[in-house]
Number of protein chains: 2
Amino acid sequence: MSSLKSKILVVATDLFQTRGINSTGVDTIVAVAGTTKMTLYKYFTSKENLILEVLEKGHQDFQSWLSEQLNSNVKKPSDKLQKLFEFIEEWVTSPNFRGMGFIKASAEFPNEESPIHQLSSEQSRQFRQFISSLATEAGIHDADGLALQLSLIFEGAVQAEQMKRGSGAMKYAKKASKILIDSALTN
Amino acid sequence: MSSLKSKILVVATDLFQTRGINSTGVDTIVAVAGTTKMTLYKYFTSKENLILEVLEKGHQDFQSWLSEQLNSNVKKPSDKLQKLFEFIEEWVTSPNFRGMGFIKASAEFPNEESPIHQLSSEQSRQFRQFISSLATEAGIHDADGLALQLSLIFEGAVQAEQMKRGSGAMKYAKKASKILIDSALTN
DNA sequence: AAATCCATATACAGACCTGTATATATAAGA
DNA sequence: TCTTATATATACAGGTCTGTATATGGATTT
């Protein structure tokens with residue numbers, strides 16, 4: 001991938017998170033990225049296309065990092081669920097954390113026909129499914145139910161942490177997840 | 001309050017929830033409300049002012065309804081926390097539910113200097129404080145911590161329920177809240 | 001050195017949005 | 001009937017945004 005294209009992606013990811021997607025114009029993006037609109041529209045067919053690529057890259061980076069961490073650091077598959085929030089906290093509190101795109105995107109694009117809304121919904125569903133499969137491996141009966149609960153907490157904590165760094169939201173989310181997992185294991 | 005003003009408020013609340021705040025122009029609002037821009041700008045000094053009034057009305061309606069329900073239906077103050085999510089579910093699943101404004105507003109207006117961001121943050125903080133006071137009355141030690149956990153679940157569930165009616169998010173949020181409250185009571 | 005590719009600089013069309021100006025209709029009260 | 005208050009109809013100024021057109025600069029390859 002071109003260096004300019006990835007620069008634009010990084011800058012857009014940043015600005016979308018800090019200023020909102022709709023409030024960030026392409027002029028601002030190219031100005032911060034140090035390039036011009038002509039170049040942006042060479043790599044992306046439209047602003048919508050840019051948003052979609054930002055979402056896709058963000059989700060892929062997160063998912064592949066998370067899978068890698070779980071696979072290389074946790075031996076027993078049934079222990080992965082317990083460690084999940086440890087790694088999520090590590091990701092969220094890392095200095096290069098730039099928010100979870102799909103959480104904000106679904107709020108800014110509520111129209112169900114919008115491709116952006118559809119992609120972010122799909123990513124949210126995929127993440128829930130990922131948690132559910134870990135829960136199943138851990139021997140939990142209502143895996144989908146627990147996955148929904150954990151994703152609610154996770155998405156809320158990420159949103160809170162991103163809005164106010166060091167809010168402690170992630171710490172309490174981690175505690176809550178432990179309690180909910182323990183409860184689901186003994187039922 | 002003038003009939004037209006409250007009509008505009010209701011319509012704006014609806015459109016902001018279903019289409020997003022930034023994506024909803026004042027032309028659309030007055031067209032749906034069956035009036036004109038001149039009238040809207042008679043009652044509201046600007047679109048920002050309209051948004052602020054929509055947020056304030058939504059939050060007041062919810063908080064006063066919730067307090068009323070808790071006060072008139074729960075005798076012992078220490079039982080209020082347990083019943084909290086029952087009433088919230090009732091509110092969220094009622095046919096005239098129009099979303100919790102402050103959840104979406106803080107996502108669409110991330111700039112901390114924006115009055116809209118400030119108001120929605122304040123409302124979120126107030127709601128958390130309300131839960132914390134119920135937790136204290138119920139004899140819970142780390143009331144603020146539990147309040148944060150419950151508000152994370154609550155905001156996530158409202159968001160999910162509003163995005164997809166009948167998603168079951170509220171049902172699992174209720175279960176999670178019971179587990180977390182029980183755990184906090186025995187620690 | 002000539003040709004080709006890549007990015008820049010700049011300008012602008014067309015759409016949309018907020019907020020206002022002006023003129024008109026309607027209804028109620030004196 | 002005359003006046004006053006309230007809502008409508010319509011047009012538009014000024015701004016922002018996306019996306020494109022046109023011309024220029026610089027670097028690499030042949």
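Hydrogens, waters and symmetry mates play no part in the numbers below; they use all other heavy atoms, side chains included.
A:Y43 comes within 4.0 angstrom of sugar-phosphate atoms only, judged by non-hydrogen atoms across all strands, and of no base.
Within the 4.0 Å cut-off from OP1 or OP2 of C:dT8, at least one side-chain nitrogen or oxygen of A:T39 is found.
Side-chain atoms of A:H117 come within 3.5 Å of backbone atoms of A:F109 as a donor-acceptor pair (strictly under, hydrogens ignored).
Using a 3.5 Å distance cut-off with no hydrogens or angles, the side chains of B:Q17 and B:Q162 do pair a donor with an acceptor.
Using a 4.0 Å cut-off between a side-chain N of Lys or Arg and a carboxylate O of Asp or Glu, A:K75 and A:D79 do not qualify as a salt bridge. Salt bridge present: A:E122 and A:R125 bring a charged side-chain N and a carboxylate O closer than 4.0 Å.
When the C1' atom of D:dA21 is taken as reference, atom CG of A:L40 falls 17 Å away, rounded to whole Å. To the nearest angstrom, P of D:dA5 lies 11 Å from NZ of B:K42. Atom-to-atom, CE of B:M38 to C1' of C:dT24 comes out at 13 Å; the value is rounded to the nearest Å.
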What protein N or O atoms touch nucleotides 17-19 of chain C N or O atoms at under 3.5 angstrom, if any, and at what distances?
unit_1, atom_1, unit_2, atom_2, d
C:dT18, OP1, B:K47, NZ, 3.0
C:dT18, OP2, B:V26, N, 2.9
C:dG19, OP2, B:Y41, OH, 2.8
C:dG19, OP2, B:K47, N, 2.9
C:dG19, N7, B:K37, NZ, 3.2
C:dG19, O6, B:K37, NZ, 2.4

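The ring-ring contact (aromatic ring centres under 6.0 Å, His included) check on A:F62 picks up A:W91, A:F127, with sequence neighbours excluded.
Within 6.0 Å of NZ on B:K5 lie more than 12 heavy atoms contributed by other residues, nucleotides or ligands.
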